[in-house]
Amino acid sequence: MLTVGRYTFANALALAPMAGVTDRVFRDICREKGAGMVVGEMLSAKMTLKGSKKAKTQLRIASHDEPEPRIIQLLGNDPDEMAQAAQYNVQQGAQIIDINMGCPAKKVCKKAAGSSLLKDEHLVSEILQAVVQAVDVPVILKTRLGWSEEHKNIIRISQIAQEVGIQLLTVHGRTREQRFNGVARYELLAEVKRQLDIPLLVNGDIDSPEKARDVLALTQADGLMIGRPAQGNPWIFKEIEHFLATGKHLDRPCLEEQKHTMLTHLVGLHALYGEFSGTKIARKHIGWYFEHLPFSAASLQRFFSLTTPEQQLDFIHTVFDHLPDDMTTPAPTAQTGSISMTPAIAPFVSA
């Protein structure tokens with residue numbers, strides 16, 4: 001169990017906020033598949049304060065019909081703006097505010113936000129303190145080991161966070177300089193955990209039940225946050241939870257469940273974004289699902305060429321209907337990729 005403020009989560013496995021990925025539809029699916037905590041896509045503090053009418057911005061603001069607790073993530077570099085944006089989002093329905101000090105994107109760091117803030121510990125303290133004092137809901141923080149290999153200051157950042165009232169800390173095991181390259185490193189996070197009283201979640205490269213077990217054993221963290229490995233594989237949460245509890249692997253979902261999940265995802269995207277945008281956005285999500293299924297690259301390209309919701313839904317029905325009833329799919333590995341086709345499927349999907 002994981003507790004933040006008055007909220008207790010079903011488990012200590014969290015879906016990481018990912019821009020353009022963790023919309024309401026994907027959050028709902030991951031919650032159903034075992035994620036105890038889900039965090040919405042990051043919102044610019046500036047856009048929030050301007051009362052942005054952009055559709056994407058409006059869709060990222062907390063919705064009162066979403067299951068509690070509703071967590072939104074704010075991005076910015078000005079303490080007053082961040083505080084006001086936090087107040088606004090709480091008024092809109094946010095129940096936990098997550099502060100982004102981990103995004104490595106160039107366009108974010110050029111604006112001195114995200115992980116670039118790690119170069120200025122005083123500003124980190126000012127922002128965190130301003131937000132904590134501005135709202136009466138829990139404030140949490142997501143960050144990285146530091147700006148670069150020579151500037152790994154997560155020990156000090158975690159101390160600052162706890163001192164000003166942050167109620168949960170999530171750390172991605174890379175520096176900003178690494179972005180998503182190389183491998184996540186966890187050794188330093190064991191020291192972070194030893195000097196913290198607040199919960200610590202570890203993030204980065206947790207792509208299997210065994211990896212989850214090993215990271216928890218090494219760091220003694222309170223939980224794990226999973227990002228990219230959940231793309232196209234929302235079942236990873238249940239698989240990890242089951243393995244940690246029993247030491248045994250949970251069977252991969254049957255093809256019928258995988259088909260149902262993909263169709264649910266498609267219908268949700270079409271409804272959330274509208275037919276035109278929803279059809280385009282669906283392509284990347286279905287592409288991720290296909291990485292874990294026995295379909296060829298040619299089959300995926302055929303899906304990418306479809307232009308209406310009806311065509312996309314019909315396609316998923318058709319490709320699954322051509323799979324043998326007794327076929328099972330292997331669990332994804334750390335290096336996921338398209339699974340080789342069986343001869344029974346090749347004539348159809350390669351057409």
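Remember, it's a predicted structure, so these values are computed and weren't measured experimentally.
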>> Are Leu218 and Met225 connected into the same hydrophobic cluster when the rule is that any two of I, L, V, M, F, W, Y join if their side-chain heavy atoms are below 4.5 Å apart?
In response: no
>> Do Val137 and Leu2 land in one hydrophobic cluster if side-chain heavy atoms of ILVMFWY residues count as linked below 4.5 Å?
In response: no
> Quick one: ring pair (Phe, Tyr, Trp, His ring centres under 6.0 Å) pairs with a partner in residues 210-244, sequence neighbours left out?
Replying inline: Phe243-His249
Just how far is it from atom [atom1] of [X] to atom [atom2] of [Y], taken to the nearest 0.5 Å?
X	Y	atom1	atom2	answer
Gln95	Asp136	CD	CG	11.0 Å
Tyr186	Gln220	OH	CD	15.5 Å
Leu224	Thr219	CG	OG1	7.0 Å
Asp80	Ile127	CG	CD1	10.5 Å
His292	Asn233	NE2	CG	4.5 Å
Leu74	Ser44	CG	OG	9.0 Å

Would you tell me whether [X] and [Y] have side-chain atoms, one donor and one acceptor, within less than 3.5 Å of each other?
X	Y	result
Glu256	His260	no
Thr308	Glu275	no
Glu41	Gln73	no

> So which of Ile140, Leu189, Thr143 actually passes side chain to side chain contact (heavy atoms under 4.5 Å, CB included) with Leu169?
Replying inline: Thr143
>> Among Gln162, Glu163, Met101, Gln133, exactly one meets side chain to side chain contact (heavy atoms under 4.5 Å, CB included) together with Leu128. Which residue is that?
In response: Met101
Taking C-beta and beyond as the side chain, do [X] and [Y] meet within less than 4.5 Å on heavy atoms?
X	Y	answer
Thr261	Ile29	yes
Ile226	Leu15	no
Ile198	Leu168	no
Pro17	Asp98	yes
Ile72	Gln92	no
Phe276	Thr307	no
Ile286	Met262	yes
Glu121	Ile160	yes

Minimum heavy-atom separation for [X] and [Y], please, with both atom names.
X	Y	answer
Ser299	Val319	OG-CG1, 4.1 Å
Val38	Ala35	CG1-CB, 4.0 Å
Tyr289	Gly232	CD2-O, 3.3 Å

> Above 12 or not: heavy atoms from other molecules or residues under 6.0 Å from NZ of Lys280?
Replying inline: no
Is there a donor-acceptor pair under 3.5 Å between the side chain of [X] and the backbone N or O of [Y]?
X	Y	value
Asn153	Leu118	yes
Ser305	Arg302	yes
Gln195	Val192	yes

Salt bridge or not for [X] and [Y], using N-O below 4.0 Å?
X	Y	answer
Arg24	Asp28	yes
Glu66	Arg31	yes
Lys259	Asp321	yes
Asp222	Lys193	yes

>> Could you walk me through whether Asp214 and Lys211 satisfy the salt bridge (charged side-chain N to carboxylate O under 4.0 Å, His left out) test, starting with their C-alpha distance in whole Å, then the side-chain angles of each, then the deciding distance to 0.1 Å, before giving a yes or no?
In response: CA-CA 5 Å; Asp214 295 346; Lys211 188 67 169 287; over 6 Å; no
>> side chain to side chain donor-acceptor pair (under 3.5 Å), that's the test. Do Gln231 and His285 meet it? Break it down for me.
In response: CA-CA 7 Å; Gln231 294 173 349; His285 286 279; over 6 Å; no
>> So, using ring pair (Phe, Tyr, Trp, His ring centres under 6.0 Å) as the criterion, who are the partners of Phe303 when residues are at least two apart?
In response: Phe315
>> Assess the residue pair Arg228 and Asp205 against the criterion (salt bridge (charged side-chain N to carboxylate O under 4.0 Å, His left out)); give the C-alpha distance rounded to whole Å, side-chain angles, the decisive distance to 0.1 Å, and a yes or no.
In response: CA-CA 8 Å; Arg228 290 172 297 160; Asp205 294 352; 3.8 Å; yes
